[in-house]
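Taking it in order: structure first as structure tokens, then the write-up.
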Amino acid sequence: MNFLSEGPISALAVLSKLERGELSSVELVSSIINRVEKGLPDYRNAFLRFNPDEVLAAARSADRERRRGSRLPLMGLPVSTKDLFDVSGQVTTAGSTVLRGNEPAETDAEAVGMLRSAGAVNIGRTHMSEFAYSALGTNFHSPPLRGPWRRDADNDRGHAPGGSTSGGAVAVASGLSVAELGTDTGGSTRIPAAFCGIAGWRPSQGRISTKGAFALAVSFDTPGVLAATVADCQMLDSILTGRSVWSAPILDFPSIRIGLLRGMPMGGLDAAVEKSFSDAIDTLNRAGLSISETGQYDWEAPSTALREGQITAVEALAHHGSLFSRSDEYDPRVVARMRAGEAVRATDYLLAKQKISRLRSLYDELTRDVDAIALPTVSILPPRLAELDDDSTFFVANAAALRNTLIASILDVPAISIPISVPPDAPVGLMLMGRRSDDVRLLRLACRIEREIR
């Protein structure tokens, strides 16, 4: 593998090269800086803040520490950060203009601090949907950002990168970052991962600290990771959760039971999504994996409950508070979604939360006999950005992108998107949803499945 070229780069492979002295952090970072400054517009547009002098200084420091014998687990690894995490000395804008006048953060967000303490180099703050409130990755206030698939479509307007962790997905997919610290409320790591041909990890809520991150909906927000491979996500999860020792045992297939869904999540798939998912399941069947349909479950019920209580909109309004008085400065599409929470009765919000609690219990019963459930991460291929100029088309595509990923978010179960078709082919992800709070087993299982598929 050429570590100084385009395309996703495995964090584990880079760390191995750094540890053996076959690559320096300065070499890797210098290559990234050169391509950001001289490459495609998307490379620069993937970042909202990119300071070459800062990044090079951090890389030089990491190389010095490694020569002195430091064994920090991420020493010199370039990792990017979604713009809603606090970074000491920088202003956190959450992809919006209304926060640009705020004071710089005094301390790192806890997740940022854990990566820094492990030796990672913060390569930059990345483009995102404003306030994390879109699944497609567009931002009214920022230069357009294309996903890596068919960038030349519609006179180079290209296709959506997925959101809300859009810049991080493009950066990782383009080799401008080895991993991204993102967040996932309704699918914000998994959707852009699927659209960009990389892995996206949503852990159970509470597994990784949200302290110092700008909230969208506190009932569902969780930090997550985007990286080249599932194994990279597993390694970074170990850092972000504070485990000092990491290993990657691989589960034996005869002991694994995977459930396939019936109904809504498997309906209305784009033809390329349906074929890639079917081919992946066939591959796993031939490898000896035990796959069978799950029992009955109303897979539309979680999203229905979310809409009935407008939980995301209500919680977004509560977090924004008086800031929403400046809504004329927001992306109008974000305003439209937030205003849906203004007329919600407290009883409807609370009843919806109670319904979701019951649905979570039913899911627990359903998954007693399976280790994970498999489904397509996103039912559609990345939409053309030119199509999204129309508001009605945008909202239809946004809902379609969220349809499957929302299930795991609302039920609060760990979920990961594994790339099964990547650019230049049509990008498709296979999503695994695990048992409640069984993040470690799901990551181990996903590593085994990734090995077979890729």
Side-chain angles (χ1 to χ4, degrees), residues 82-84 92-99 102 128-141 163-166 182-191 202 205-206 210 213-224 300-360 388 391-412:
K82 190 174 183 177
D83 189 46
L84 53 64
T92 303
T93 72
S96 178
T97 58
V98 297
L99 299 179
N102 284 5
M128 58 177 284
S129 307
E130 185 182 39
F131 298 125
Y133 216 159
S134 161
L136 301 176
T138 58
N139 188 312
F140 181 79
H141 307 290
S164 62
T165 315
S166 46
T183 60
D184 192 311
T185 301
S188 290
T189 59
R190 292 162 289 153
I191 295 166
R202 176 202 164 85
Q205 259 203 315
T210 57
F214 193 94
L216 172 55
V218 293
S219 290
F220 311 115
D221 291 346
T222 179
E300 296 187 57
S303 293
T304 299
L306 184 76
R307 288 192 301 271
E308 289 171 350
Q310 287 293 337
I311 296 171
T312 304
V314 168
E315 293 183 356
L317 283 170
H319 183 68
H320 284 236
S322 61
L323 187 67
F324 198 61
S325 64
R326 297 171 60 187
S327 62
D328 59 322
E329 300 174 55
Y330 287 27
D331 181 338
R333 291 169 174 173
V334 171
V335 173
R337 298 186 76 190
M338 290 182 65
R339 287 206 184 280
E342 289 182 324
V344 175
R345 298 181 301 178
T347 51
D348 291 335
Y349 171 82
L350 292 173
L351 286 171
K353 297 268 285 186
Q354 291 170 9
K355 184 175 182 180
I356 288 171
S357 180
R358 292 193 295 271
L359 290 168
R360 289 176 176 180
L388 303 181
D391 281 353
S392 60
T393 303
F394 172 88
F395 284 114
V396 168
N398 193 68
L402 284 163
R403 190 191 74 178
N404 286 2
T405 56
L406 265 176
I407 297 170
S409 298
I410 297 168
L411 297 178
D412 188 24

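Please read these numbers as outputs of a predicted model, since none were measured by experiment. Only heavy atoms go into these numbers, but all of them, side chains included; no hydrogens, no water, no symmetry mates.
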[X] side chain to [Y] backbone, donor-acceptor under 3.5 Å:
X	Y	value
Thr189	Gly224	no
Thr92	Leu84	no
Ser96	Thr93	no
Glu315	Val218	yes

- request: Verify the neighbour count for atom CZ of Phe394: are there more than 12 heavy atoms of other residues, nucleotides or ligands below 6.0 Å?
  value: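 More than 12 within 6.0 Å, yes.
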Which heavy-atom pair separates [X] from [Y] by the least distance, and what is that distance?
X	Y	result
Ile191	Gly163	CB-O, 4.0 Å
Ala352	Ala305	CB-O, 3.3 Å
Ser188	Thr165	O-OG1, 2.7 Å
Gly341	Leu317	C-CD1, 3.7 Å

Step-by-step side chain to side chain contact (heavy atoms under 4.5 Å, CB included) determination, Glu308 to Tyr349: CA-CA 7 Å; Glu308 289 171 350; Tyr349 171 82; over 6 Å; no
- prompt: Taking atom types as modelled, is there a side-chain donor on Lys82 or Ser164 under 3.5 Å from an acceptor on the other?
  reply: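 The answer is yes; a qualifying pair exists.
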Answer whether the closest heavy-atom distance between the side chains of [X] and [Y] falls below 4.5 Å.
X	Y	answer
Thr183	Asp221	no
Leu406	Pro302	no
Lys355	Thr304	yes
Met128	Tyr133	no

- request: Run the numbers on His319 and Phe324 for ring pair (Phe, Tyr, Trp, His ring centres under 6.0 Å), then give the verdict.
  value: CA-CA 9 Å; His319 183 68; Phe324 198 61; over 10 Å; no
message: So, using side chain to side chain contact (heavy atoms under 4.5 Å, CB included) as the criterion, who are the partners of Arg360 when residues are at least two apart?
response: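 Listed in chain order: Phe220, Ile356, Leu411, Asp412, Arg436.
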query: Do you know which of Asp184, Asn404, Thr405 makes side-chain hydrogen bond (donor to acceptor under 3.5 Å, both in side chains) with Arg190?
result: Asp184
query: Below 4.0 angstrom, N of the basic side chain to O of the carboxylate: do Glu130 and Arg333 qualify?
result: no
- request: Go through the steps for His141 and Tyr330 under the test ring pair (Phe, Tyr, Trp, His ring centres under 6.0 Å), then give the verdict.
  value: CA-CA 9 Å; His141 307 290; Tyr330 287 27; 8.2 Å; no
statement: Interatomic distance, OG@Ser166 vs CG@Asn139, rounded to 0.5 Å, equals 7.5 Å
